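Counting starts at 1 for both ligands and their atoms, in listed order. Numbers for residues simply follow the sequence, beginning at 1. The shown structure was predicted, so the numbers you read here are calculated from the model rather than taken from an experiment.
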Amino acid sequence: MIAEKIKYYQSELADAKLIAVSKKKSVEDILEAYEAGQRDFGENYIQELVEKKEQLPDDIRWHFIGHLQRNKVKYISEFIHLIHAVDSIRLIKEINKQALKQDKMIDVLLQLHLAQENSKFGIPVNDFESFIGELKKAQISNVRIKGLMTMASNTDDTDQIKSEFEKAKKFSILLQTLYPDAKELSMGMSGDYKLAIEQGSTMVRIGSSIFGKREY
Ligand SMILES: *Cc1c(COP(=O)(O)O)cnc(C)c1O
């Protein structure tokens with residue numbers, strides 16, 4: 001089942017990259033996806049990620065897609081491929097500090113808050129321009145801003161979702177005026193990835209429709 005889903009998405013997505021979201025799923029499930037050729041996996045919880053990483057092949061590219069607390073950066077800085085949901089200068093400074101310690105660069109995406117839900121996370125659209133202005137002035141030597149990440153509202157209203165993804169694309173273009181290499185646009189999940197791709201997503205984060213429903 002998992003292998004078939006991976007093959008389906010890998011052919012269906014064309015240019016966008018598939019991040020298989022494996023939170024709450026077993027090492028065995030991840031290996032099944034791996035054996036079908038999947039190398040990019042997304043996780044939301046630090047401890048779970050670190051435990052799984054130790055048991056799985058070294059050529060997996062791990063994406064941290066959850067909310068990252070500053071005091072946890074040190075547990076993943078050595079191996080993380082991309083941190084998707086960065087939304088504060090203080091967090092970027094901590095990531096920079098850990099990257100400097102290891103004499104490496106760490107790639108991140110800025111999380112834009114677009115959805116109607118009152119989430120605490122993500123940079124509000126109204127603050128985005130001043131945020132990137134401030135970031136540009138900060139002395140960040142070892143963190144690379146690779147693009148934007150966002151989540152659409154949890155709704156059946158496809159017009160609403162589409163307009164949020166359209167907005168994200170506009171902010172992605174704005175970001176590239178200051179950071180020309182920040183071309184990645186991480187948006188789209190199991191329920192809305194088609195709309196995301198139509199609006200220019202470069203990475204989709206798909207969990208439940210590959211691995212099945214999560215048990216909490
Ligand atoms: C869990 C999660 C996903 C995957 O969601 P599905 O609906 O299971 O595809 C994608 N992005 C983030 C940030 C998540 O937390």
Side-chain angles (χ1 to χ4, degrees), residues 1-10 12-13 16-26 29-30 32-33 36 38-50 52 60-69 72-73 76 80-88 91 95 107-124 146-158 160-162 164-165 167-169 171-172 184-216:
M1 258 306 268
I2 293 173
E4 283 151 33
K5 292 284 189 171
I6 292 290
K7 295 209 168 104
Y8 168 77
Y9 280 112
Q10 284 177 346
E12 158 102 357
L13 294 177
K17 178 173 255 185
L18 172 63
I19 316 297
V21 175
S22 46
K23 62 174 176 232
K24 305 285 178 193
K25 293 294 165 180
S26 68
D29 284 351
I30 296 175
E32 187 176 341
Q38 182 64 24
R39 291 295 178 272
D40 292 89
F41 290 88
E43 289 281 343
N44 291 56
Y45 309 102
I46 295 291
Q47 194 184 340
E48 185 182 341
L49 167 56
V50 170
K52 285 174 173 172
I60 287 183
R61 293 182 290 268
W62 292 105
H63 296 248
F64 193 75
I65 64 171
H67 174 66
L68 181 57
Q69 290 169 285
K72 301 274 174 72
V73 175
I76 60 167
I80 201 73
H81 177 68
L82 181 64
I83 301 173
H84 283 235
V86 170
D87 62 0
S88 82
L91 176 59
I95 297 170
D107 292 342
V108 306
L109 304 178
L110 302 179
Q111 182 181 4
L112 182 67
H113 178 78
L114 278 178
Q116 292 166 317
E117 290 92 41
N118 274 326
S119 159
K120 300 191 292 275
F121 306 127
I123 305 158
K146 300 292 278 186
L148 269 194
M149 177 273 205
T150 201
M151 271 184 277
S153 296
N154 184 10
T155 170
D156 293 331
D157 182 350
T158 51
Q160 172 72 24
I161 296 170
K162 188 177 160 212
E164 289 173 3
F165 286 151
K167 226 183 206 173
K169 177 69 190 180
F171 279 94
S172 165
E184 300 292 350
L185 186 50
S186 167
M187 61 186 193
M189 323 203 310
S190 293
D192 57 17
Y193 78 92
K194 283 191 178 149
L195 290 168
I197 287 174
E198 280 168 20
Q199 303 309 322
S201 171
T202 66
M203 288 180 179
V204 294
R205 309 176 308 268
I206 298 184
S208 48
S209 79
I210 294 173
F211 295 107
K213 266 211 174 100
R214 289 175 290 270
E215 308 281 344
Y216 284 94

Looking at [atom], what's its closest protein heavy atom, distance included?
atom	value
atom 11 (N) of ligand 1	R205 NE, 2.9 Å
atom 12 (C) of ligand 1	I65 CD1, 3.5 Å
atom 10 (C) of ligand 1	M189 SD, 3.2 Å
atom 9 (O) of ligand 1	S190 OG, 2.5 Å

Where ligand 1 meets N44 - atom numbers and elements under 4.0 angstrom, heavy-atom basis =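 Counting from 1, the qualifying ligand atoms are 14 (C), 15 (O).
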Should you measure from each heavy atom of I206, which atoms of ligand 1 turn up under 4.0 Å away?
->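 In order of number, 9 (O).
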G207 N/O to ligand 1 N/O under 3.5 Å =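 Yes, G207 has an N/O under 3.5 Å of an N/O on ligand 1.
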Any N/O of S208 closer than 3.5 Å to an N/O of ligand 1?
->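 Yes, since at least one N or O of S208 sits under 3.5 Å from an N or O of ligand 1.
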Please name the residue in the list R205, E198, E12 that meets the side-chain hydrogen bond (donor to acceptor under 3.5 Å, both in side chains) test with Y193.
->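 When side-chain hydrogen bond (donor to acceptor under 3.5 Å, both in side chains) is applied between Y193 and each of R205, E198, E12, only E12 qualifies.
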Aromatic plane relationship, F41 with W62 - under 30° parallel, 30 to 60° tilted, over 60° perpendicular =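 Tilted, since the angle between the ring planes falls between 30° and 60°.
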Out of K213, Q111, M187, K23, indicate the one that has the non-hydrogen atom closest to atom 3 (C) of ligand 1.
->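 Selected option, by shortest heavy-atom distance: K23.
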Taking atom NZ of K194 and atom CD1 of I197, what is their separation to the nearest 0.5 Å?
->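 CD1 of I197 is found 9.0 Å from NZ of K194.
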Please say which of T150, L110, L112, L185 ends up in a side chain to side chain contact (heavy atoms under 4.5 Å, CB included) with S172.
->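 Exactly one pass, corresponding to L185.
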Just wondering, are more than 12 heavy atoms of other shown residues or ligands nearer than 6.0 Å to CG in D157?
->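 Above 12, so yes.
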Has the side chain of D40 got a donor or acceptor atom that lies under 3.5 Å from a matching backbone atom of I19?
->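 No, D40 side chain to I19 backbone: no donor-acceptor pair under 3.5 Å.
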Ignoring hydrogens and angles, tell me if any N or O in the side chain of E48 forms a donor-acceptor pair with the backbone of E43 under 3.5 Å.
->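 Not a single qualifying donor-acceptor pair exists.
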Using heavy atoms and a threshold below 4.0 Å, how should the contact between H84 and ligand 1 be classified: side chain, backbone, both, or neither?
->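 The answer is neither.
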